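Since the structure comes first, as structure tokens, the remarks are kept for the end.
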Amino acid sequence: MPDISVLPQRFYLEGDVVQIAQKLLGKIIVTDIDGQLTMSRIVETEAYDGRVDKACHAYPQRRTPRTEVMFKEGGRSYVYLCYGIHYLFNIVTHAENEPNAVLLRAVEPVAGLDYMADRRKVKNQINFTNGPGKLASALGITLNFNDLILYDSGSPIWIAEEKENSYKPDIIQTTRIGVDYADEDALLPWRFYIKDNPYVSRK
DNA sequence: CGAGCGATTCGC
DNA sequence: CGAATCGCTCGG
């Protein structure tokens, strides 16, 4: 079990969302849902910038009931239902009225693997969390956990960093997945993942 | 109000 | 490769 501490809110307010998406790689997501504690290492992310990015639900400054949380101050969760079936988990970044978010696309299980196995009902451990819908399912994330403070270790979901770990992973930068509807913005290289990590989606 | 569609996954 | 499945968004 790694020695961890909560990632402070300022982490989500400094730099642009593309940098924050990279810096989230290697961080730990902790969930304590239905009495089931899990910990996982973030290994794949995508950045969405509501100011300039057609792929972002909040572009162009599109304020609706669903996107409202992205207009709040950084450090909150944005969870939504995708294809009527899967929940996708995002981290909101930046100041009020700057609607940016980072999608978690894959994580590596660290603790609570029995719970993940129960929730996912698949045998192969690789398939617990190697996709955005899969990881939400494995960690117990549903719409109930939208608009949650992530810089409070008392929350049912929070983000941590390891206290003593200077390891810097090799990061691959490439285009995002499933955003063809965004025309030329689908070409933005705003997907990041840890090189050679077995839990990265769509190898 | 209702048509159209999606930041995916799984099974055939 | 196509179905599943439903809330959100926008146009009428």
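By convention in this document, chain letters (A, B, ...) are assigned in the order of the sequence lines, proteins followed by strands, and residues within each chain are numbered from 1. On a predicted model such as this, the values are computed, not experimentally measured, just so you know.
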Would A/R105 count as a cation-pi partner of A/F89, with NZ or CZ less than 6.0 Å from the six-membered ring centre and within 45° of the ring normal? no

With both pairing distances under 3.5 angstrom for Watson-Crick or G-U wobble, and | for a partner in another strand, the correct string for DNA chain B is ||||||.||||.

Under 4.0 angstrom between A/Y181 side-chain N/O and B/dC5 OP1 or OP2: no

A/R120 side chain near B/dC10 phosphate (N/O to OP1/OP2, under 4.0 Å): yes

Exercise for review: For C/dG2 and B/dC5, measure between their C1' atoms and round to the nearest Å.
Suggested key: 16 Å

To the nearest angstrom, the CE-P distance between A/M70 and C/dC8 comes to 13 Å

Worksheet item: Could A/R51 and A/Y59 be counted as a cation-pi pair, given that NZ or CZ must be under 6.0 Å from the ring centre and within 45° of the axis?
Response: no

A/L88 atom CG is separated from B/dT9 atom P, nearest whole Å, by 7 Å

For A/E108 and A/T129, does a side-chain donor sit closer than 3.5 Å to a side-chain acceptor? no

When rounded to whole Å, the CG to P distance for the pair A/N127 and B/dT8 reads 16 Å

Inset, instruction - Report yes if a side-chain nitrogen or oxygen of A/K134 is closer than 4.0 Å to either non-bridging phosphate oxygen (OP1 or OP2) of B/dC10; otherwise report no. - result: yes

By nearest-heavy-atom nucleotide on DNA chain B, the more 5' of A/V122 and A/V102 is A/V102

From CG of A/D183 across to P of B/dG6 the rounded distance in Å is 12 Å

| message | For a quick test of reading the model: is some side-chain N or O of A/R105 closer than 4.0 Å to OP1 or OP2 of B/dT8? | response | yes

Checking A/D185, A/D49, A/D183 against A/K54 for salt bridge (Lys or Arg N to Asp or Glu O under 4.0 Å), the one that qualifies is A/D183

* Over 60° means perpendicular and under 30° means parallel, so classify the ring planes of A/Y151 and A/Y12, tilted if in between. => tilted

Notebook entry, point to check: Using a cut-off of less than 4.0 Å, is there contact between a side-chain N or O of A/H57 and OP1 or OP2 of B/dA7?
Noted result: yes

Rounded to whole Å, CZ of A/R66 lies from P of B/dG6 at a distance of 11 Å

query = A/T64 side chain N/O closer than 4.0 Å to the phosphate oxygens (OP1, OP2) of C/dT9?
reply = yes

Distances under 3.5 Å between nitrogen or oxygen atoms of protein and nucleotides 2-7 of chain C:
unit_1, atom_1, unit_2, atom_2, d
C/dT5, O2, A/Y83, O, 2.4

Note to self: Would A/K23 pass as a cation-pi partner of A/F11, given that its NZ or CZ must be under 6.0 Å from the six-membered ring centre and within 45 degrees of the axis?
What the structure shows: yes

A/R66 versus A/N146, side-chain donor and acceptor atoms under 3.5 Å: no

Q: Using distance alone, with no hydrogens and no angle criterion, decide if A/H57 and A/Y48 have a side-chain donor and acceptor under 3.5 Å apart.
A: no

**Distance-only donor-acceptor check, side chains A/Q9 and A/E73, under 3.5 Å** = yes

Atom CG of A/N124 and atom P of B/dG11 are separated, to the nearest Å, by 13 Å

Hey, does the side chain of A/R62 come within less than 4.0 Å of C/dC10's phosphate (OP1/OP2), counting only N and O? yes

